[in-house]
2 protein chains.
Amino acid sequence: MPQGLPMREKIIAAAEKRVRNAGFPAMSFRDVAQDVGIKSASVHYHFPTKEDLGEALLDSYIERFRARLEAIPQDNLKAALDQFIELYGDGLVMDEAICLCAILGAEALGLPADMNRKTRAFFEMNADWLTALFARHGHEEETDLSITIVSALEGAIIVASSSSDRTLFEKVAATVPLIAGRTLGHAP
Amino acid sequence: MPQGLPMREKIIAAAEKRVRNAGFPAMSFRDVAQDVGIKSASVHYHFPTKEDLGEALLDSYIERFRARLEAIPQDNLKAALDQFIELYGDGLVMDEAICLCAILGAEALGLPADMNRKTRAFFEMNADWLTALFARHGHEEETDLSITIVSALEGAIIVASSSSDRTLFEKVAATVPLIAGRTLGHAP
DNA sequence: TGTATTCTACCTATCGATAGGTAGACAATT
DNA sequence: AATTGTCTACCTATCGATAGGTAGAATACA
């Protein structure tokens, strides 16, 4: 049955795509079922409620992102920051969709608390990674700069998305390293 | 019959609140109708389709924001920037909801093109205001900095919203002026 | 002025489509 | 035989949207 992936993973992938393109309320069991070639009742077998599916979506996304973060060597500050920023751009251009947590964060006020906790954890993971990078290079406790960079990149994805204009994201992506360099007080 | 506001404006206000709390797909004619005390068919009388209502929402929001932007005196750079940032924080704390264009931007890939054009126009209006402010004080063509600041503030609203933690927004709000100051200080 | 007409702002009732979710049969694997 | 996965068939609730009607205010005409 599973061609390439087990059904559970196929469902998660299809649901993620739908959420990242239109939001959580706009993703339906029927659409996802059709995407993977089964009936909606069978999706309920794997994920009893929509919230279950939403949490699985977040777990999968966060773990994938964590793996890519941990794969970035932190020994060169400038290079590491560039690769970090590239992660955000990759999601935009490869998946032609916005960051899962950008849309789930925007819709947070209407979502279950458990999903919001995971969304928050995603942003924290990203900011903590930056804070650790800065600390590694002699800049302790630059937490505000970290949060600001994560915010700028997530915001840039949204601004670019509404315009279908990727260059808007790239302008922010190019500005963030300049800002970081000046804030940390030395040329890279 | 109109208590305080004409019905059309009451509908727009109610619909805006719903969209800013849960997203465009999650806003329904029935809920809005109940909010203002009429039937859903009567909402269709004022706004034939959901897209019509969505565009009216954006028009109203953008004009309100434009008025507040134009009310900020630009003769003092630091004071003007502070007031600009305060506009974003006001939306968060007063309405206890995120920026309308933050959520419509996040959901853009699943929305009608005409709505996306208006959402884009909102971001442009904000970035253009900042660019004009910087130009007024001798820093020409700082468009990338402007877009980055708008992105950071919109992103901060989203990050803070998922955490129900307003201090996260305030950290970014405090960092943005420092960044602007250093960037403009280094400008040619 | 009085009458006829149109417009405004709602109503009830209903449409087909779709939402999330459930029960139980069926087939395959172990 | 038991478990796993998917199916058909169905549920209730709700979606956006439409049809057709109505009371009252405004407008046009004699």
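Here is how names work: the chains are called A, B, and so on, in the same order as the sequence lines, proteins then strands, and each is numbered from 1.
- Side-chain atoms of S146(A) come within 3.5 Å of backbone N or O of T131(A) as a donor-acceptor pair.
- Using a 4.0 Å cut-off between charged side-chain N and carboxylate O, D165(A) and R120(B) make a salt bridge.
- The shortest heavy-atom contact between A106(A) and A106(B) is CB-CB, 3.8 Å.
- Side-chain contact of D52(B) with T49(B): a donor-acceptor pair under 3.5 Å is present, judged by distance alone.
- End-to-end axis angle of the helix from dG2(C)-dC29(D) to dT30(C)-dA1(D), using five pairs per end and rounding to 10°, comes to 20°.
- In this structure, M7(B) atom CE and dA25(D) atom P are separated by 17 Å, rounded to whole Å.
- Looking at R8(A) and F47(A), their side chains come closer than 4.5 Å, going by heavy atoms from C-beta outward.
- Annotation: cation-pi geometry not satisfied between K118(B) and Y61(B) (NZ/CZ under 6.0 angstrom from ring centroid, within 45° of ring axis).
- The distance from atom CE of M27(B) to atom C1' of dT14(D) is 15 Å, rounded to the nearest whole Å.
- In this structure, the OH atom of Y45(A) is 18 Å from the P atom of dA25(C), given to the nearest Å.
- Following chains of ILVMFWY side-chain contacts shorter than 4.5 Å, one cannot reach L178(A) starting from L184(B), and the two form parts of different hydrophobic clusters.
- When the P atom of dC26(C) is taken as reference, atom NZ of K39(A) falls 18 Å away, rounded to whole Å.
- Within the 4.0 angstrom heavy-atom criterion, only backbone atoms of the sugar-phosphate kind lie near S28(A); the bases stay farther away.
- dG16(D) atom C1' lies 17 Å from atom NE2 of H46(B), rounded to whole Å.
- Taking atom CD1 of I38(A) as the reference point, atom C1' of dA28(C) lies 16 Å away to the nearest angstrom.
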Report, one pair per line, the protein and nucleotides 17-20 of chain D atoms (nitrogen or oxygen only) whose separation is under 3.5 Å.
from    : atom 1 : to     : atom 2 : distance (Å)
dA17(D) : OP2    : K50(B) : N      : 2.8
dA17(D) : N7     : H44(B) : NE2    : 3.2

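- A ring pair (Phe, Tyr, Trp, His ring centres under 6.0 Å) with F65(B) is found for one member of F84(B), Y88(B), W129(B) and no other, namely Y88(B).
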